[in-house]
**Student:** 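Handing you this structure, nothing more for now.
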Amino acid sequence: MAMSSILNADDIKKALDAFAVADSFDHKKFFEIVGLKSKSPSDVKKVFTVLDADNSGFIEEEELKFVLKGFAKDGRDLTDKETKAFLKAADKDGDGKIGIDEFAALVKE
């Protein structure tokens, strides 16, 4: 499933452009600009499924690094610093990965 079938393509571009510079990523602002905060739990789950590249039921640190590419092929890779901060913000149970409930809670923050 393409991210553009869930979210508005213009919003995706705006969000990616807003965080084009390394170490500028802010998940709260990103989810707001991309329009994910206002989506239904069902749509949030669809986005999670797209980002869970290996279909493990979790977004692991390695997948998180490429999260912007999940929204658009030309999205940049997150830096190690951004990846670790994103994981720390979302990983409430400390298992080193993000489950669907953790992702949904992070989106709605």
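Just so you know, these numbers use all the heavy atoms, side chains as well, and skip hydrogens, waters and symmetry mates. Treat the numbers as computed from the prediction; the structure is a model and nothing was measured.
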**Student:** Determine whether F48 and D43 make a side-chain contact, defined as any pair of heavy atoms from C-beta on separated by less than 4.5 Å.
**Tutor:**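 Heavy-atom side-chain distance check fails, nothing below 4.5 Å.
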**Student:** Is there a donor-acceptor pair under 3.5 Å between the side chain of E63 and the backbone N or O of A53?
**Tutor:**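 Side chain of E63 to backbone of A53, a donor-acceptor pair under 3.5 Å: yes, one is there.
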**Student:** Which atom pair, heavy atoms only, marks the closest approach of S24 to A18?
**Tutor:**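 Scanning both residues completely, I find the closest heavy atoms to be OG-O, 4.4 Å.
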**Student:** Roughly how far apart are L16 CG and F71 CZ, rounded to 0.5 Å?
**Tutor:**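 Taking CG in L16 and CZ in F71, the distance rounds to 8.0 Å.
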**Student:** Looking at E61 and K88, is any side-chain nitrogen of the basic one under 4.0 Å from a carboxylate oxygen of the acidic one?
**Tutor:**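 Salt bridge flag = no for E61 with K88.
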**Student:** Identify, with sequence neighbours excluded, every residue that meets ring pair (Phe, Tyr, Trp, His ring centres under 6.0 Å) alongside F19.
**Tutor:**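 Scan of F19 (ring pair (Phe, Tyr, Trp, His ring centres under 6.0 Å), adjacent residues dropped) gives F25.
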**Student:** Check for a donor-acceptor pair, side chain of K39 on one end and backbone N or O of I6 on the other, with a separation under 3.5 Å.
**Tutor:**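 Yes: the side chain of K39 pairs with the backbone of I6.
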**Student:** Heavy-atom count around K13 NZ within 6.0 Å, excluding the residue itself: above 12?
**Tutor:**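 No, not enclosed.
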**Student:** Give a yes or no on whether the backbone of I12 and the side-chain of N8 come within a donor-acceptor separation of less than 3.5 Å.
**Tutor:**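 A pair under 3.5 Å: no.
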**Student:** Taking the side chain as every heavy atom from C-beta outward, state whether F103 and V47 have any atom pair closer than 4.5 Å.
**Tutor:**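 The answer is yes; the side chains approach within 4.5 Å.
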**Student:** At their closest point, which heavy atom of A90 faces which heavy atom of L106, and how far apart are they?
**Tutor:**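 Taking A90 first and L106 second, the nearest heavy atoms are CB-CD2, 3.6 Å.
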**Student:** Taking K92 for the side chain and A89 for the main chain, is one N or O donor matched with an acceptor at less than 3.5 Å?
**Tutor:**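 Here the side-chain-to-backbone pair exists.
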**Student:** Is a salt bridge present between K69 and D77, judged by a nitrogen-to-oxygen distance below 4.0 Å?
**Tutor:**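 D77 and K69: salt-bridged.
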**Student:** How about V107 and H27: do any of their side-chain heavy atoms sit closer than 4.5 Å?
**Tutor:**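 Contact flag for V107/H27 side chains = no.
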**Student:** Atom OG1 in T49, atom CD1 in I100: separation rounded to 0.5 Å?
**Tutor:**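 Taking OG1 in T49 and CD1 in I100, the distance rounds to 6.5 Å.
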**Student:** Quick one: side chain to side chain contact (heavy atoms under 4.5 Å, CB included) partners of K14, sequence neighbours excluded?
**Tutor:**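 Side chain to side chain contact (heavy atoms under 4.5 Å, CB included) check on K14 returns D11, I33.
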**Student:** Check for me, please, whether V50 and F66 land in the same ILVMFWY cluster - side-chain distances under 4.5 Å, paths through other members count.
**Tutor:**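 Different clusters.
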**Student:** Between K108 (side chain only) and K37 (backbone N and O only), is there a donor and an acceptor less than 3.5 Å apart?
**Tutor:**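 Flag set: sc K108 to bb K37 pair under 3.5 Å.
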**Student:** Treat each ILVMFWY residue as a node, draw an edge where side-chain heavy atoms are under 4.5 Å apart, and state whether L68 and L51 are in one component.
**Tutor:**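 Same cluster.
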**Student:** To the nearest 0.5 Å, how far apart are CD1 in I98 and CG in D91?
**Tutor:**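 CG of D91 is found 7.0 Å from CD1 of I98.
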**Student:** Test side-chain contact (heavy atoms from CB on, under 4.5 Å) on E60 and D54 and set out the steps.
**Tutor:** CA-CA 9 Å; E60 291 86 10; D54 65 1; 3.5 Å; yes
**Student:** How about F58 and D52: do any of their side-chain heavy atoms sit closer than 4.5 Å?
**Tutor:**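 Result no, sub-4.5 Å side-chain heavy-atom pair not found.
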**Student:** If I take atom CG from residue L78 and atom CG from residue L87, how far apart are they, to the nearest 0.5 angstrom?
**Tutor:**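 Rounded to the nearest 0.5 Å, the CG-CG separation comes to 11.5 Å.
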**Student:** If only atom types and distance count, is the side chain of R76 paired as donor or acceptor with the main-chain N or O of V21 below 3.5 Å?
**Tutor:**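 Indeed, once roles are kept as given, a pair shorter than 3.5 Å links the two residues.
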**Student:** Please determine whether side-chain contact (heavy atoms from CB on, under 4.5 Å) holds for the pair D23 and E82, giving the CA-CA distance in whole Å, both sets of side-chain angles, and the decisive distance to 0.1 Å.
**Tutor:** CA-CA 6 Å; D23 289 325; E82 289 171 315; 3.8 Å; yes
**Student:** Measuring from atom NZ of K84 to atom OG1 of T79, what distance do you get when rounded to the nearest 0.5 angstrom?
**Tutor:**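 Reported to 0.5 Å precision, the distance equals 10.0 Å.
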